[in-house]
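Notes follow the structure.
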Amino acid sequence: TPYVTLLHLHPSDAPAALAFTIIGCVGMLAMNAAGIAIGINMLVATDGRTEVTWPFVVRKALAQTNIDAVL
C-alpha cells in the first residue's frame, strides 16, 4: 500500500537496521544487523501516561548490539 514501506537504516554509530514503517512511524517492526528485533503492538493500556514515546525507545534499542543493553 502507498503508506507502508520498509526502510534500510545506516546510522554511522550503530548497527544497520531494517524498519517497517506506517505513515512515517519508523520502527513499528525493526531488526538491526546485531540481531536485535523490536515490535510495537499498539495495544491500549489502562495505565498509559505521557512519557517517552515509542519511536525514541525503538531507535535506542536498534542502536544496541546485545539484549542486555536493550533491556
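Any value given below was found using the heavy atoms of this structure, including those in side chains, with hydrogens, waters and symmetry copies removed.
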Validation: residues 60-71 side-chain donor-acceptor distances under 3.5 Å, sequence neighbours left out:
from  : atom 1 : to    : atom 2 : distance (Å)
Gln64 : NE2    : Lys60 : O      : 2.9
Asn66 : OD1    : Asp68 : N      : 3.1
Asn66 : OD1    : Ala69 : N      : 2.8

Report summary line: Scanning both residues in full, the closest heavy-atom pair of Ala16 with Pro11 reads CA-CD, 4.2 Å
Query raised in the report: What pair of heavy atoms forms the shortest contact from Phe20 to Val4, and how long is it?
Result: CE1-CG1, 3.1 Å
**Report entry** For Ala37, side-chain contact (heavy atoms from CB on, under 4.5 Å) partners two or more places apart
**Finding:** Met31
Query raised in the report: In Å, rounded to the nearest 0.5 Å, how long is the span from CG of Leu18 to CG of Leu7?
Result: 9.0 Å
